[in-house]
Amino acid sequence: MKTIALTLTTLAALSSLAFAGTTTSGKEMQQAAPVCPEWYSNTEFTVSAWGAYAFGDGGNDNFDNSLNNDFTTTSPAIRDEAAGGGVDAKFFFRRYFGVGVEAFGLGNINSDDRARRDTLSQFGFRKNTEGDGAGAVLGTFTFRYPLQCSRWSPYVWGGAGGIWGGNDSYTFNAEFQTFRRNAGSSGSFLGQFGGGVEYRFGKHIGAMLDISYNLSDQSDFGMARGGVTFAF
């Protein structure tokens, strides 16, 4: 009888030790589990500064092929190629959604107006849009998706606003064989949508790269951007 009691006591003691060991091991495993850092806050304000390259569709030349007739041709804001930069500010009121304001300026790159014809060269006429530029301001709405346990966050956005400058027109007077430049400073509607990706070096600084398509009353154009983002 004493042997049975001793055996039961020993088994109970060993069971207690085993249970205690299992509990300690579980705590250690729980403490050792990795915790993902949060690079993007659920609510934050961001400011981005970026350089931009824009590419247009060339615009439409509207003129008569005869030097005996008057004609007018218009240079769109972004004709062939343009470069510049801009800034945007966004407030993310939720982890995935943000509203903001964007502003940029672009200058055309060595873009001779295609309305210039070889037949005009004999009269010494040459129209050139080099140096022309355009500026725009838009309101934007952004959807981003920060990848879990990652510094990367893909995003898409859309915006609407206005664009000014660059849409000069030229009128040819057949009687006097002269060109007259009509400065185009009036604004027009601009719509924008695009997508890109952001990478965070730290919680408050990162880099962004994206591409957008822009629609205006003058002409449509694409724009690629790359820059730095500050988050607060």
State, to 0.1 Å, how close [X] and [Y] come at their nearest heavy-atom pair, and which atoms those are.
X: D210; Y: G195; result: CB-O, 3.2 Å
X: S216; Y: S188; result: CB-OG, 4.4 Å
X: L147; Y: P154; result: CG-CD, 4.0 Å
X: V228; Y: I205; result: CG2-CG1, 4.1 Å
X: D220; Y: L215; result: OD1-CA, 3.3 Å

Specify whether F97 and F93 have parallel, tilted or perpendicular ring planes, treating 30° as the upper limit for parallel and 60° as the lower limit for perpendicular.
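Correct class here is parallel.
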Which donor-acceptor pairs under 3.5 Å do side chains of residues 99-107 form with protein atoms, sequence neighbours excluded?
residue : atom : partner : partner atom : Å
E102    : OE1  : R225    : NH1          : 3.4
E102    : OE2  : Q192    : NE2          : 3.2
E102    : OE2  : R225    : NH1          : 3.4

Counting the benzene-type ring for Trp, do F230 and F232 have ring centres under 6.0 Å apart?
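No, they do not, as the ring centres are separated by 6.0 Å or more.
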Would you please indicate yes or no on a ring centroid separation below 6.0 angstrom for Y145 and Y96?
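So the answer is yes for these two rings.
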Members other than W39 in its cluster, when Ile, Leu, Val, Met, Phe, Trp, Tyr link by side-chain heavy atoms under 4.5 Å?
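So far as hydrophobic clustering goes, W39 is joined with Y40.
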Apply the test side-chain contact (heavy atoms from CB on, under 4.5 Å) to residues V156 and F141: give CA-CA distance (whole Å), side-chain angles for both, the deciding distance (0.1 Å), then the verdict.
CA-CA 9 Å; V156 294; F141 180 83; over 6 Å; no
side-chain contact (heavy atoms from CB on, under 4.5 Å) for S41 and K203? Distances and angles first, verdict last.
CA-CA 8 Å; S41 300; K203 190 169 183 178; 3.2 Å; yes
How far does [atom1] of [X] sit from [atom2] of [Y], to the nearest 0.5 angstrom?
X: Y155; Y: E198; atom1: OH; atom2: CD; result: 7.0 Å
X: F221; Y: N214; atom1: CZ; atom2: CG; result: 4.0 Å
X: F45; Y: F91; atom1: CZ; atom2: CZ; result: 9.5 Å

Decide yes or no for E38 and R200: does some side-chain heavy atom of the first lie under 4.5 Å from some side-chain heavy atom of the second?
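Not in contact.
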Flag the pair W157 / S212 as yes when at least one side-chain heavy-atom distance between them is below 4.5 Å, and no otherwise.
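Of all side-chain heavy-atom pairs linking S212 with W157, at least one is under 4.5 Å.
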Can F143 be reached from V197 by stepping across I, L, V, M, F, W or Y side chains whose heavy atoms are under 4.5 Å apart?
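Yes, same cluster.
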Throw together a table of side-chain donor-acceptor distances under 3.5 angstrom for residues 46-55, partners on residues two or more places apart or in other chains.
residue : atom : partner : partner atom : Å
S48     : OG   : T229    : OG1          : 2.7
W50     : NE1  : D88     : OD2          : 2.8
Y53     : OH   : E81     : OE2          : 2.7

Treating R151 as the side-chain partner and F201 as the backbone partner, does any N or O pair qualify as donor plus acceptor under 3.5 Å?
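Yes: the side chain of R151 pairs with the backbone of F201.
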Intermediate values then yes/no, side-chain contact (heavy atoms from CB on, under 4.5 Å), F193 and Y213
CA-CA 6 Å; F193 60 91; Y213 191 75; 3.9 Å; yes
Show your working on side-chain contact (heavy atoms from CB on, under 4.5 Å) between T142 and F92 and close with a plain yes or no.
CA-CA 8 Å; T142 301; F92 287 90; 4.3 Å; yes
